[in-house]
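Structure first, then comments.
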Amino acid sequence: MSDGRHEGGRDASPDASVDFATFVDLVTLYQAYASALDARQYERWPEFFIDDCVYRLQPRENFDRGLPLATMAFESKGMLKDRVYGIRETLFHDPYYQRHVVGAPLVRAFKPGRIESEANYAVFRTKLDGPSTVFNVGRYLDVVVATAEGLKFASRTVVFDSEMIPNSIIYPI
Amino acid sequence: MSDGRHEGGRDASPDASVDFATFVDLVTLYQAYASALDARQYERWPEFFIDDCVYRLQPRENFDRGLPLATMAFESKGMLKDRVYGIRETLFHDPYYQRHVVGAPLVRAFKPGRIESEANYAVFRTKLDGPSTVFNVGRYLDVVVATAEGLKFASRTVVFDSEMIPNSIIYPI
Amino acid sequence: MSDGRHEGGRDASPDASVDFATFVDLVTLYQAYASALDARQYERWPEFFIDDCVYRLQPRENFDRGLPLATMAFESKGMLKDRVYGIRETLFHDPYYQRHVVGAPLVRAFKPGRIESEANYAVFRTKLDGPSTVFNVGRYLDVVVATAEGLKFASRTVVFDSEMIPNSIIYPI
């Protein structure tokens, strides 16, 4: 039972056998990322990435068709930091809370120092004096690498299911 | 701390001490199953089950009362494959996306080669040009067994909370 | 990769290296708690806590500002048991189902016998003959301790995002 990876869905990979510490580190990375965003600590957001990183936020329709159009697309930590500056400007004008509920990561490939993984997520939005509603659901597609400061994202692609909301996405998912 | 299983809620079981590899395999099975369905790769769905399997989808009211009525009830992998054929016919007529967010599995019993586990889930639905909404929430009740191809479901019972939607459930949950 | 905890988001802590058995026990505690509440087994709820415990349910606005006002605040297992008695009285008058979907726990601090952890959650509500809807989303902030009966909550603070629903929260989250 312990040496056979799940193959039923053809997800088997000889690379996919993460050790325990790495698995917990990966879960921690995912949840810490969500926690920082939900706490509106946006200045922490770029620190989850390496310097030479990619962050893309894209509707599923475009992603599945291989279209390059994205709601957000950044190609370095510097660009993420610029975005954070812009976010700070908007925070006081349209206050609402976000809450990420993220599934356990599914490791697609693993070799020491590098993980390809994905996870489903739902983000709920709560406006002042309003109820909590579904804001955005989709999937993270990630490349995670080991650094001296722990695991970080080399690439995070956020593919969301609805095409209705791209213009109103101000904060990273 | 490491030898006492959680007993507060009377979930304790001397059988419930899974090893790390099995735990990660189980998490992977759950997430890979959700990922395949959300990607609309329905032909992969039967491959998450053993040949002699049970899949049931049932409203909570019926399940709690022990009533046999189910929205879907299949008793072999062959029946699952027949269902996939039917699904393929409908895919083009009512296009919408599903997204599963699944909690970590709760292991109720474990012996080598056999796990009884459950997990809560929420499925969100997104129609073209529409927002993402809550479609179906409930609980998976599973019997998972070890095979030469990794962990597979011997039995998956999906118990959903709402009675309103059984007729509109086309795709497996 | 296995010795560096995630530091990107400044969540690093030399205390945070849980062992595998503790991690699975913690995940199990979170999911068993949710499962008991969703099954309406409210008499089991106090048993997830030690005798000298704290349970608080508080809107985020108050929590963030350090205001003491809470929707529920109990300071012993005895008080939780009293609450259960009150819940039993209301169960037949306003029947609805709850369903918790809880993310993986994020361990903030760990030393043998004591864990500080948190997790995001979404609770869905289903009324008879109605659809499932988002009821309450937020974050658990917990202190978990080892006991002879396994892990239990010394403190569970539930911080929810919406201010709209405090009066209608009858059941614990």
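Labels below follow one simple rule: chain letters A, B, ... track the order of the sequence lines, proteins then strands, and each chain is numbered from 1.
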Open item on the list: Is there a side-chain contact (heavy atoms from CB on, under 4.5 Å) between A:Phe23 and B:Phe20? Walk through the geometry before answering.
Closed with: CA-CA 10 Å; A:Phe23 182 75; B:Phe20 166 66; 4.0 Å; yes
TODO: Show the numbers, then the answer: is there a side-chain contact (heavy atoms from CB on, under 4.5 Å) between A:Val137 and B:Thr126?
DONE: CA-CA 9 Å; A:Val137 305; B:Thr126 307; 4.3 Å; yes
TODO: With rounding to the nearest 0.5 Å, note down the distance linking CZ in A:Arg139 to CG in B:Asp38.
DONE: 8.5 Å
Task: Residues forming a side chain to side chain contact (heavy atoms under 4.5 Å, CB included) with B:Val159, sequence neighbours excluded - done: B:Arg60, B:Phe63, B:Leu141, B:Thr157
- [ ] May I ask you to test the B:Val134-A:Val134 pair for a side-chain heavy-atom distance under 4.5 Å?
- [x] yes
Open item on the list: At a 4.5 Å cut-off on heavy atoms, which part of B:Val102 comes close to chain A: side chain, backbone, both, or neither?
Closed with: backbone
Open item on the list: Once rounded to the nearest 0.5 Å, what's the spacing between atom CG of A:Asn136 and atom CZ of B:Phe124?
Closed with: 10.5 Å
Task: Shortest non-hydrogen contact between B:His100 and A:Asn120, atoms and distance - done: O-ND2, 2.6 Å
Open item on the list: Looking at every non-hydrogen atom in both residues, tell me the closest pair between B:Pro131 and A:Ser162 and how far apart they are.
Closed with: CA-OG, 3.9 Å
Task: Non-hydrogen side-chain atoms of A:Pro105 and B:Gln31 separated by less than 4.5 Å - done: no
Task: Atom pair OH (B:Tyr97) and CD (A:Glu61), whose distance is rounded to the nearest 0.5 Å - done: 3.5 Å
Task: Other residues, nucleotides, ligands: >12 heavy atoms within 6.0 Å of A:Gln41 CD - done: yes
TODO: Over all heavy atoms of both residues, which pair between B:Arg99 and A:Asp161 is shortest? Give the atoms and the distance, please.
DONE: NH2-OD1, 2.9 Å
- [ ] Please name the pair of heavy atoms, one in B:Val101 and one in A:Gly103, separated by the smallest distance, quoted to 0.1 Å.
- [x] CG1-N, 4.3 Å
